[in-house]
Number of protein chains: 2
Amino acid sequence: MTVPPTTRSRLDSAEAARLLASRGIVPTRQRVQVAAVLLARDQHLSAAALLERVNREGEPVSKATVYNTLALFLRKGLVREVVVDRARVFYDSNTADHHHLYDTDRCTLTDIDADQISVSGLPALPEGTVVDNVDVIIRVRRRRS
Amino acid sequence: MTVPPTTRSRLDSAEAARLLASRGIVPTRQRVQVAAVLLARDQHLSAAALLERVNREGEPVSKATVYNTLALFLRKGLVREVVVDRARVFYDSNTADHHHLYDTDRCTLTDIDADQISVSGLPALPEGTVVDNVDVIIRVRRRRS
DNA sequence: CTGTGTGCAAAGCTTTTGCACTACT
DNA sequence: AGTAGTGCAAAAGCTTTGCACACAG
């Protein structure tokens with residue numbers, strides 16, 4: 001089951017709870033609130049931005065719980081972590097296979113479909129290992145004036 | 001001017017100082033010590049590991065200075081920053097165009113020559129932007145038993 | 001003496017941990 | 001009562017900032 005395409009900025013609680021339960025996550029109030037904001041549509045949010053929106057729109061949830069909940073969602077495959085640079089980590093609610101384009105001046109992240117880009121010539125992998133995932137980040141900047 | 005291929009674990013101070021000066025960096029004692037360790041050969045070091053080696057092998061250098069020096073070297077193009085995940089940032093003394101293979105179980109990073117891999121099908125870029133760089137990170141893990 | 005640049009202690013972040021609490025059996 | 005799981009305040013850890021100092025003009 002995946003989130004249906006939508007432009008809503010929040011899922012309703014029942015829907016969010018069902019989604020969590022379907023992944024074996026106990027749907028507590030805090031987790032439902034986080035899911036309702038983050039999983040409403042494909043988007044890229046930092047932990048800080050997510051915390052701010054969750055607390056603006058509902059009952060208080062602590063910073064620690066948001067972090068722990070993000071780690072849980074990550075482990076359960078509900079979100080992906082996109083690390084753009086040392087100072088900028090985004091949580092991506094689009095879990096389909098895709099890559100990223102990062103505008104270094106505007107600090108915005110855009111998805112690129114996996115089948116738009118092809119990566120060929122993977123090298124021999126170390127003995128006994130398999131590919132877990134391949135991340136491509138294309139960084140762009142304003143043209144030098 | 002580039003660092004000659006070598007297996008040394010440190011550059012001598014004069015050589016490190018010359019390299020810094022050639023990039024317009026004032027070769028202070030602290031910067032020479034950092035360069036002597038980091039730029040001796042192609043390698044991937046975390047800030048913490050670098051600090052530890054610099055202090056083990058010479059006069060004390062503070063943590064803040066190591067961070068500030070890394071940011072300076074980065075700006076001047078002497079090193080690249082490789083962000084593998086939220087908790088793991090490496091400074092890469094190989095500044096040639098290349099990509100990375102990360103072993104998630106052993107936490108080790110390996111270089112992949114840029115011409116071994118080809119990325120095709122870059123999407124249309126936003127108006128007025130140019131590609132700054134393209135990072136490919138291949139994450140591998142031990143085969144599931 | 002003034003201005004530019006450097007190094008680092010301390011401050012400010014983000015993230016993790018340890019424990020009190022809850023909800024089941 | 002015992003066990004497993006949850007939420008968060010406080011602790012830990014990483015990175016940046018602000019300022020004292022050094023040096024050149």
Side-chain angles (χ1 to χ4, degrees), chain A residues 13 16-17 19-38 44-55 58-76 78-92 107, chain B residues 13 16-17 19-38 44-55 58-76 78-92 107:
Chain A
S13 300
L19 181 55
L20 296 182
S22 77
R23 300 294 186 111
I25 297 172
V26 178
T28 63
R29 167 177 73 76
Q30 288 86 342
R31 291 171 183 173
V32 168
Q33 283 182 234
V34 171
V37 171
L38 181 59
H44 306 104
L45 288 176
S46 64
L50 179 60
L51 174 69
E52 205 267 328
R53 283 187 46 187
V54 166
N55 281 323
E59 297 289 298
V61 177
S62 77
K63 199 186 272 206
T65 297
V66 168
Y67 275 100
N68 291 338
T69 300
L70 283 170
L72 176 65
F73 287 6
L74 200 56
R75 231 174 21 252
K76 297 292 187 171
L78 281 170
V79 297
R80 278 178 54 177
E81 189 176 61
V82 185
V83 185
V84 167
D85 67 39
R86 206 162 3 103
R88 245 168 272 278
V89 180
F90 292 97
Y91 292 87
D92 186 347
C107 299
Chain B
S13 301
L19 180 56
L20 297 182
S22 77
R23 299 294 186 111
I25 297 171
V26 179
T28 62
R29 166 178 73 76
Q30 288 86 342
R31 291 172 181 172
V32 168
Q33 282 182 234
V34 171
V37 170
L38 182 57
H44 306 105
L45 288 175
S46 65
L50 178 60
L51 175 68
E52 205 267 328
R53 282 188 45 187
V54 166
N55 281 325
E59 297 290 297
V61 177
S62 77
K63 199 187 272 207
T65 297
V66 169
Y67 275 100
N68 292 337
T69 300
L70 284 169
L72 177 65
F73 286 6
L74 200 55
R75 234 178 14 257
K76 297 291 187 171
L78 281 170
V79 297
R80 279 178 55 176
E81 190 176 61
V82 185
V83 185
V84 168
D85 68 38
R86 204 165 3 104
R88 246 168 270 278
V89 180
F90 291 97
Y91 292 87
D92 185 347
C107 300

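All of these numbers come straight from a predicted model, not from anything done at the bench. Just so we're on the same page: letters track the sequence lines, and every chain starts at 1.
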Residues at least two apart in sequence or cross-chain that pass salt bridge (Lys or Arg N to Asp or Glu O under 4.0 Å) with A:R29, listed by chain then number, are none

Rounding to a whole Å, what distance do you find between B:L74:CG and D:dT16:P? 11 Å

Only counting residues at least two apart or in another chain, list the ones meeting side-chain contact (heavy atoms from CB on, under 4.5 Å) with A:D92. A:H44, A:R80, A:V82, A:N94, A:H98, A:H100, A:D111

Closest to the 5' end of DNA chain C, once B:A87 and B:R29 are matched to their nearest nucleotides, is B:R29

Could you check B:Q30 against B:R86 and say which one's nearest nucleotide on DNA chain C is further toward the 5' end? B:Q30

Value in whole Å for how far the C1' atom of D:dA9 lies from NZ of A:K63: 12 Å

Apply side chain to side chain donor-acceptor pair (under 3.5 Å) to B:E81 and list each qualifying residue two or more places apart in sequence or on a separate chain. A:R86, B:Y91

Under the side-chain hydrogen bond (donor to acceptor under 3.5 Å, both in side chains) definition, can you give me all pairs with a residue in residues 63-74 of chain A, not counting sequence neighbours? A:S62-A:T65

With a 4.0 angstrom cut-off to heavy atoms of chain A, pull out the first and last contacting nucleotide of DNA chain C, in 5'-to-3' order. C:dT14 to C:dT17

Any residue meeting side chain to side chain donor-acceptor pair (under 3.5 Å) with A:R88, in chain and number order, not counting sequence neighbours: A:Y102

Interface with DNA chain C, restricted to residues 65-73 of chain A and to heavy atoms under 4.0 Å: A:Y67, A:N68

Contacts of B:R31 that satisfy salt bridge (Lys or Arg N to Asp or Glu O under 4.0 Å) - sequence neighbours left out: none

Working for side chain to side chain contact (heavy atoms under 4.5 Å, CB included), residues B:L38 and B:V54: CA-CA 9 Å; B:L38 182 57; B:V54 166; over 6 Å; no

Could you give the NZ-to-C1' distance, from A:K76 to D:dG5, as a whole number of Å? 12 Å

For B:A49, enumerate each residue passing the side-chain contact (heavy atoms from CB on, under 4.5 Å) test, keeping only those at least two apart in sequence or located in another chain. B:L45, B:S46

